[in-house]
Undergrad: 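Could you have a look at this structure, given as structure tokens, before my questions?
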Amino acid sequence: MAESNEKRVAFVTGASRGIGRAIASRLAADGRHVVLASRSEGPLNELKTEIEQAGGSASVCAVDVGDGAALAAAIEGVFKEHGRLDILVNNAGITRDNLLLRMSDEEFDEVMNVNLRSAFVACRAAARPMMKGKFGRIVSIASTSGLVGNSGQANYAASKSALVGFSRTIARELGTKGITANVIAPGFIETDMTKDLPPQVTDHIKGLLAVRDLGKPEDIAAAVAYATSDEAGYLTGQVITVDGGMTMC
Ligand code: NAP
């Protein structure tokens, strides 16, 4: 095992772009060593360079979170290399939208595998290192779709809603070990996932929001920074909705 790193070590999935990229940058700026995980190595290497140029510390882990064995091995590899794993952010996610009557088994299964099963596999792999360190902060990125539903997203909403029950259960199982588990539910955030929405849909959405504007990836990163901080030890089993006042539930 390599020498223990003094910095807290964070594993962030879906770090190549969008919300995950902002989360990784923020955690690095807050002094964590961040393991940048997603499938595309090029953008991860660029982000690593950017973080290091800003005085932070990061490493790259090219992994498909839909491949459970590879994901578990990646997390075990982080513990072997650093001797610790303190923070896990399950952020990688996909949509395969379709109305219920048209949704295929493949569309349902793929979304559940990438959005939900990956969080189960990652948490199971991270739990032992966190228990050894008597400290852990787990955050899973869900969605307001999983709280209030969204037409065309039966698969996606089910996967995000399930993250809530999953996280609350592991919060109960791991709470006495210094490990917390929370969910952050973003509303509409400006990323690749939402960039193809027609302008009239975006305008309609803005009209539903108390702040009348879409969110930025940094808005979610700020919530993750708090939920994964040392001082957030009494925050667990919660859903923090960051949606500009869309749902208020
Ligand atoms: P995005 O811009 O589409 O980025 C998705 C990220 O997930 C990318 O880094 C992608 O990296 C990674 N990813 C996808 N499939 C993967 C796989 N099989 N293995 C490893 N990494 C994978 O999405 P985003 O908007 O930032 O969304 C991030 C999270 O927030 C998702 O869980 C999403 O459901 C949630 N969310 C987003 C919004 C929104 O309005 N944007 C709202 C609510 C919730 P690679 O392609 O390089 O693998």
Side-chain angles (χ1 to χ4, degrees), residues 11-26 34-48 60-75 88-97 106-107 109-119 121-122 139-150 152-153 155-164 166-167 183-197 201-202 205-206 208-209 213-224 227 239-244 246-247:
F11 189 89
V12 180
T13 69
S16 62
R17 59 178 189 272
I19 292 171
R21 192 180 203 283
I23 292 169
S25 297
R26 173 64 193 261
V34 186
V35 182
L36 311 168
S38 85
R39 292 164 302 180
S40 335
E41 220 168 337
L44 296 180
N45 281 320
E46 282 169 28
L47 178 57
K48 176 179 169 0
V60 165
C61 174
V63 65
D64 180 347
V65 302
D67 178 343
L71 177 58
I75 289 175
L88 169 66
V89 184
N90 297 307
N91 164 78
I94 56 167
T95 53
R96 295 288 180 270
D97 295 356
E106 290 72 25
E107 285 166 338
D109 291 346
E110 194 184 349
V111 166
M112 295 305 272
N113 189 43
V114 172
N115 295 6
L116 176 62
R117 191 172 185 277
S118 67
V121 169
V139 169
S140 298
I141 307 298
S143 167
T144 50
S145 293
L147 305 180
V148 297
N150 195 20
Q153 294 199 313
N155 49 1
Y156 183 78
S159 72
K160 297 301 191 180
S161 180
L163 282 174
V164 176
F166 171 70
S167 299
V183 166
I184 290 174
F188 283 89
I189 310 298
E190 285 175 349
T191 69
D192 287 356
M193 197 175 262
T194 50
K195 76 175 181 344
D196 294 331
L197 289 173
V201 173
T202 308
I205 291 165
K206 284 182 184 170
L208 301 173
L209 309 180
D213 205 0
L214 301 192
K216 305 240 175 310
E218 291 72 21
D219 295 323
I220 307 306
V224 174
V239 179
I240 304 171
T241 305
V242 184
D243 68 352
M246 181 172 63
T247 57

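Read the numbers this way: they start at 1 and go in the same order the structure lists the ligands and their atoms.
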Undergrad: Can you check whether Met193's main-chain N or O pairs, donor with acceptor, with Thr191's side chain at less than 3.5 Å?
TA: yes
Undergrad: Should you measure from each heavy atom of Ser38, which atoms of ligand 1 turn up under 4.0 Å away?
TA: 11 (O), 20 (C), 21 (N), 45 (P), 47 (O), 48 (O)
Undergrad: I'd like to know if the side chain of Asn155 and the backbone of Arg96 have a donor-acceptor N/O pair within less than 3.5 Å.
TA: yes
Undergrad: Do Lys160 side-chain atoms and Ile141 backbone N/O form a donor-acceptor pair below 3.5 Å?
TA: yes
Undergrad: Short question: side chain of Asp64, backbone of Arg39 - any donor-acceptor pair under 3.5 Å?
TA: no
Undergrad: Any N/O of Ile19 closer than 3.5 Å to an N/O of ligand 1?
TA: yes
Undergrad: What part of Asp64, side chain from CB on, backbone N/CA/C/O, both or neither, has a heavy atom under 4.0 Å from ligand 1?
TA: both
Undergrad: Would you check whether Ile189 has a nitrogen or oxygen atom less than 3.5 angstrom from a nitrogen or oxygen atom of ligand 1?
TA: yes
Undergrad: Does Phe188 form a side chain to side chain contact (heavy atoms under 4.5 Å, CB included) with Leu197? I'd like the steps, not just the answer.
TA: CA-CA 11 Å; Phe188 283 89; Leu197 289 173; 4.1 Å; yes
Undergrad: What protein heavy atom lies closest to atom 3 (O) of ligand 1? Include the residue and the distance to one decimal.
TA: Arg17 NH2, 3.5 Å
Undergrad: Hey, which atoms in ligand 1 end up nearer than 4.0 Å to a heavy atom of Phe188?
TA: 40 (O)
Undergrad: Would you mind checking which non-hydrogen protein atom is closest to atom 9 (O) of ligand 1, with the distance to 0.1 Å?
TA: Ser16 OG, 2.7 Å
Undergrad: For the side chain of Ser159 and the backbone of Leu116, is there at least one donor-acceptor N/O pair under 3.5 Å apart?
TA: no
Undergrad: Backbone or side chain, does any N or O of Ile94 fall under 3.5 Å from an N or O of ligand 1?
TA: no
Undergrad: For ligand 1, which atoms sit closer than 4.0 Å to a heavy atom of Asp192?
TA: 2 (O)
Undergrad: Backbone N or O of Ala158 within a donor-acceptor pair of the Ser161 side chain at under 3.5 Å?
TA: no
Undergrad: Return the closest protein heavy atom for atom 19 (N) of ligand 1 as residue, atom name and distance.
TA: Val65 N, 2.9 Å
Undergrad: Taking side chain as C-beta onward, heavy atoms only, is Tyr156 less than 4.5 Å from Asn115?
TA: yes
Undergrad: Does an N or O from Val114, backbone or side chain, lie closer than 3.5 Å to an N or O of ligand 1?
TA: no
Undergrad: In terms of atom number and element, which parts of ligand 1 are under 4.0 angstrom from non-hydrogen atoms of Asn91?
TA: 28 (C), 29 (C), 30 (O), 31 (C), 32 (O)
Undergrad: What do we get for Ala37 next to ligand 1 when only non-hydrogen atoms under 4.0 Å count, side chain, backbone, both or neither?
TA: neither
Undergrad: Please report which non-hydrogen protein atom sits nearest to atom 12 (C) of ligand 1, along with the residue it belongs to and the distance in Å to one decimal place.
TA: Gly14 CA, 3.5 Å
Undergrad: So which protein heavy atom does atom 44 (C) of ligand 1 come closest to, and at what separation?
TA: Ala142 O, 3.1 Å
Undergrad: Going by distance only, is there an N or O of Arg39 that falls short of 3.5 Å from an N or O of ligand 1?
TA: yes
Undergrad: Record the part of Lys160 in heavy-atom contact with ligand 1 below 4.0 Å; permitted values are side chain, backbone, both and neither.
TA: side chain
Undergrad: Of the protein's non-hydrogen atoms, which lies at the shortest distance from atom 45 (P) of ligand 1, and what is that distance?
TA: Ser40 OG, 3.4 Å
Undergrad: Hey, does the side chain of Thr13 reach the backbone of Ala92 with a donor-acceptor pair shorter than 3.5 angstrom?
TA: yes
Undergrad: With a 4.0 Å heavy-atom cut-off (strictly under), which part of Val63 contacts ligand 1: side chain, backbone, both or neither?
TA: backbone
Undergrad: Counting distance only, does the side-chain N/O of Asn45 pair as donor-acceptor with the main-chain N or O of Gly42 below 3.5 Å?
TA: no
Undergrad: When you look at Thr194 and Ile205, which way does the side chain to side chain contact (heavy atoms under 4.5 Å, CB included) test go after all the steps?
TA: CA-CA 11 Å; Thr194 50; Ile205 291 165; over 6 Å; no
Undergrad: Give the atoms of ligand 1, by number and element, whose distance to some non-hydrogen atom of Thr191 is under 4.0 Å.
TA: 2 (O), 24 (P), 25 (O), 26 (O), 41 (N)
Undergrad: For the backbone of Met246 and the side chain of Asp243, can you confirm whether one donor and one acceptor N or O come within less than 3.5 Å of each other?
TA: yes
Undergrad: Start with the C-alpha gap between Thr95 and Val111, add the side-chain angles, then the distance that decides, and say whether side chain to side chain contact (heavy atoms under 4.5 Å, CB included) holds.
TA: CA-CA 6 Å; Thr95 53; Val111 166; 5.9 Å; no
Undergrad: Which is closest to atom 5 (C) of ligand 1 in terms of heavy atoms, Gly93, Ala119, Ala92, Gly18?
TA: Gly93
Undergrad: Please report which non-hydrogen protein atom sits nearest to atom 33 (C) of ligand 1, along with the residue it belongs to and the distance in Å to one decimal place.
TA: Tyr156 OH, 3.4 Å
Undergrad: Please name all residues satisfying salt bridge (charged side-chain N to carboxylate O under 4.0 Å, His left out) with Glu218, sequence neighbours left out, ordered by chain then number.
TA: none
Undergrad: Please report which non-hydrogen protein atom sits nearest to atom 42 (C) of ligand 1, along with the residue it belongs to and the distance in Å to one decimal place.
TA: Gly187 O, 2.8 Å
